[in-house]
Asker: 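Take this structure, written in structure tokens, and hold onto it; I'll ask about it next.
Just so we're clear, the structure is a prediction, and the values are computed from it rather than from any experiment.
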Amino acid sequence: MTQPNGHFVPPTRNGVGPSCVGLPSGPWSTMLDFLSERFAAIPRERWQARMLAGEVWDEHGATVTAQRPYQHHLRLYYYRDVPVELPIPFEATILFQDDHLLVVDKPHFLPVAPSGNYLQETVLVRLKRQLGIDAISPIHRIDRDTAGLVLFSLQQRTRNAYQALFRQREVHKTYEAIAPWRADLSLPLTRHSRIEEAGHFMLQREVEGTPNATTHISLLETLRLQSQTLGHYRLEPVTGQRHQLRVHMAALGLAILGDGLYPTLTPEGQIDHARPLQLLAKRIEFIDPLSGVVRRFESARRLALAP
């Protein structure tokens, strides 16, 4: 498929668009050497197999062989694959669709877009296969563990108008969560802090410094579960740092039930579908940048422990 700029881009295949990597200046002898070093988690043999099958192309549409000399300032395209991808037995629901915007109600455990060990089992790829629209792209994202509302763009030319709403903090988002209750904690409160990476690629943490994350936290009601008192909370993030709600709640001693990251990282592969993270992106509201209409959407999902 040739783009208006004259560059070749492989078409979407089975709901998966091609990945692209730019080639910088460097000491590599062959294209294979660069790809093997750049993507060290992918065995060199897998890149060789892709090339042998004609599954790696340059921006001019020529297939790339394992012996091809390295050439900087060029773009390569290839299709990601996941050798073993376990099915995720939950489905997202479409709540709204027009020519530009798609609103989806996502279940727990289903990633929004491909990453790591998830490719076909993602909301984005499932939607592309279901609707046959290659231009679908997430306007924002929520964690794989979180359920609730996600917005997608259907047209590249209007995508930035919606993304700008999030950059400019013109979207009001409301989450619900179930977590321990603290009698000594006065609510509602606003948590301001600085959140940065915690040294592990999956984790974030609060650190000293200028705050970059703000969340309004209020208590909807208390719940009694056996001998434990829990809180049903409303969380309203003002900013959008990664894992912001989970980090803020854990920092208050209110780690969200079912959280496999905070305060303790659960070993990889120990997913329990019977114990989802009790966090739900419940409502979202904004003024549509194209029509000027006030958009309000609400998830039909409920947290398992909510009344």
Side-chain angles (χ1 to χ4, degrees), residues 88-93 95 103-112 140-150 171-193 195 202-206 213-267 270-285 296-307:
I88 297 176
F90 308 105
E91 295 291 339
T93 303
L95 299 183
V103 182
V104 170
D105 201 357
K106 184 187 87 66
H108 294 286
F109 304 108
L110 187 63
V112 170
H140 69 118
R141 301 189 187 190
I142 61 176
D143 296 339
R144 172 171 59 90
D145 299 327
T146 305
L149 302 176
V150 187
V171 178
H172 184 214
K173 296 169 287 183
T174 302
Y175 288 70
E176 293 184 7
I178 306 292
W181 175 73
R182 282 180 52 189
D184 62 327
L185 187 65
S186 180
L187 295 172
L189 62 78
T190 299
R191 183 76 174 182
H192 296 285
S193 69
I195 294 178
M202 291 184 66
L203 299 177
Q204 303 280 91
R205 65 178 176 180
E206 288 190 329
T214 301
T215 304
H216 301 308
I217 303 171
S218 57
L219 180 68
L220 294 172
E221 59 194 324
T222 56
L223 310 169
R224 194 70 178 170
L225 181 64
Q226 298 175 353
S227 61
Q228 184 181 16
T229 301
L230 302 174
H232 182 194
Y233 296 92
R234 177 189 293 120
L235 310 178
E236 297 170 282
V238 177
T239 53
Q241 296 297 323
R242 186 167 72 96
H243 295 174
Q244 175 177 316
L245 301 181
R246 300 164 77 167
V247 171
H248 275 173
M249 290 293 280
L252 290 168
L254 304 175
I256 299 172
L257 266 64
D259 197 335
L261 298 180
Y262 305 96
T264 304
L265 177 62
T266 301
Q270 294 188 13
I271 297 175
D272 185 353
H273 289 163
R275 298 183 68 253
L277 175 70
Q278 293 297 287
L279 181 61
L280 172 66
K282 186 65 176 178
R283 283 176 291 278
I284 195 165
E285 180 176 341
R296 297 185 183 91
F297 301 102
E298 182 164 339
S299 171
R301 300 180 187 276
R302 297 174 63 87
L303 293 172
L305 298 177

Asker: Measuring only between side-chain heavy atoms, which start at C-beta, is His140 closer than 4.5 Å to Val150?
Answerer: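 Contact flag for His140/Val150 side chains = yes.
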Asker: Salt bridge (charged side-chain N to carboxylate O under 4.0 Å, His left out), that's the test. Do Glu91 and Lys106 meet it? Break it down for me.
Answerer: CA-CA 7 Å; Glu91 295 291 339; Lys106 184 187 87 66; over 6 Å; no
Asker: If we ignore angles and hydrogens, is there a donor and acceptor under 3.5 Å between the side chains of Ser193 and His248?
Answerer: yes
Asker: Checking Thr93 against Val104 for the side-chain contact (heavy atoms from CB on, under 4.5 Å) test, could you report, in this order, the C-alpha distance in whole Å, the side-chain angles of both residues, the deciding distance, and whether it holds?
Answerer: CA-CA 6 Å; Thr93 303; Val104 170; over 6 Å; no
Asker: Among Lys173, Glu176, Arg296, find the one that has a side-chain contact (heavy atoms from CB on, under 4.5 Å) with Arg283.
Answerer: Glu176
Asker: Using a 3.5 Å distance criterion without hydrogens, assess whether the side chain of Asp105 forms a donor-acceptor pair with backbone atoms of Leu95.
Answerer: no
Asker: Is any side-chain heavy atom of His243 closer than 4.5 Å to a side-chain heavy atom of Leu261?
Answerer: yes
Asker: When rounded to the nearest 0.5 angstrom, what distance separates CZ in Arg191 from NE2 in His216?
Answerer: 14.5 Å
Asker: Test your reading of the model: is there a side-chain donor-acceptor pair from Thr239 to the backbone of Thr214, 3.5 Å cut-off?
Answerer: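 Checked: pair present.
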Asker: Going by side-chain contact (heavy atoms from CB on, under 4.5 Å), Tyr233 matches just one of Ile178, Leu219, Leu220. Which one?
Answerer: Leu219
Asker: Can you tell me how far apart CG (Leu279) and CD1 (Ile256) are? Round to the nearest 0.5 Å.
Answerer: 4.5 Å
Asker: Evaluate the criterion side-chain hydrogen bond (donor to acceptor under 3.5 Å, both in side chains) for residue pair Thr174 and Arg234; output intermediate values, then yes/no.
Answerer: CA-CA 7 Å; Thr174 302; Arg234 177 189 293 120; 5.6 Å; no
Asker: Which heavy atom in Pro180 sits nearest to a heavy atom in Ala255, and how many Å separate them?
Answerer: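 Looking at all heavy atoms of both residues, the closest pair is CD-O, 3.2 Å.
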Asker: Quick check: closest heavy atoms across Ala213 and Ile195, and the distance to 0.1 Å?
Answerer: CB-CD1, 3.7 Å
Asker: Closer than 3.5 angstrom, by distance alone: can the side chain of Asp143 be matched with the main-chain N or O of Asp145 as a donor-acceptor pair?
Answerer: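 Pair absent, no side-chain N/O of Asp143 close to backbone of Asp145.
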Asker: I want to check something: taking the side chain as every heavy atom from C-beta on, are Glu206 and Val247 in contact at a cut-off of under 4.5 Å?
Answerer: yes
Asker: Keeping Thr266 on the side-chain end and Gly260 on the backbone end, is there a donor-acceptor pair under 3.5 Å?
Answerer: yes
Asker: Out of curiosity, Asp259 CG to Gln278 CD, how far, rounded to the nearest 0.5 Å?
Answerer: 11.0 Å
Asker: Kindly say whether Arg301 contributes a backbone atom to a donor-acceptor pair with the side chain of Lys282 at under 3.5 angstrom?
Answerer: yes
Asker: How about His108 and Phe90: are their ring centroids closer than 6.0 Å?
Answerer: no
Asker: Compare every heavy atom of Ser299 with every heavy atom of Ala281, then report the nearest pair and how far apart it is.
Answerer: O-CB, 3.7 Å
Asker: How long is the straight-line distance from CD of Glu285 back to CZ of Phe297, given to the nearest 0.5 Å?
Answerer: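 It comes to 10.5 Å.
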Asker: With heavy-atom distances below 4.5 Å as the criterion, would you say the side chains of Leu245 and Thr215 are in contact?
Answerer: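 Side-chain contact under 4.5 Å: yes.
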Asker: Within this structure, what is the CG-CD1 distance for the pair Leu235 and Ile217, rounded to the nearest 0.5 Å?
Answerer: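 If we round to the nearest 0.5 Å, Leu235:CG and Ile217:CD1 are 6.0 Å apart.
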Asker: Can you confirm whether Ile88 sits close enough to Pro111 that some side-chain heavy atom of one is under 4.5 Å from a side-chain heavy atom of the other?
Answerer: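 Ile88 vs Pro111: side chains touch.
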Asker: Do the non-hydrogen side-chain atoms of Trp181 and Leu230 ever get within less than 4.5 Å of each other?
Answerer: no
Asker: Can you find a heavy atom in the side chain of Phe109 that is under 4.5 Å from one in the side chain of His273?
Answerer: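 When only atoms from C-beta onward are counted, His273 and Phe109 do touch, with a gap below 4.5 Å.
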Asker: When you check the side-chain N and O atoms of His232 and Glu221, is any donor under 3.5 Å from an acceptor?
Answerer: yes
Asker: Whether the side chain of Arg182 engages the backbone of Leu252 through a donor-acceptor N/O pair (distance < 3.5 Å, no angle test) should be reported.
Answerer: yes
Asker: To the nearest 0.5 Å, what is the distance between OG1 on Thr146 and CG on Leu280?
Answerer: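 So the OG1 of Thr146 and the CG of Leu280 are separated by 9.0 Å.
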Asker: Does the side chain of Ile284 come within less than 4.5 Å of Val171's, by heavy atoms?
Answerer: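 Yes - at least one pair of side-chain heavy atoms lies under 4.5 Å apart.
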Asker: Using a cut-off of 6.0 Å, state whether more than 12 heavy atoms not belonging to Arg275 lie near its atom CZ.
Answerer: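 No.
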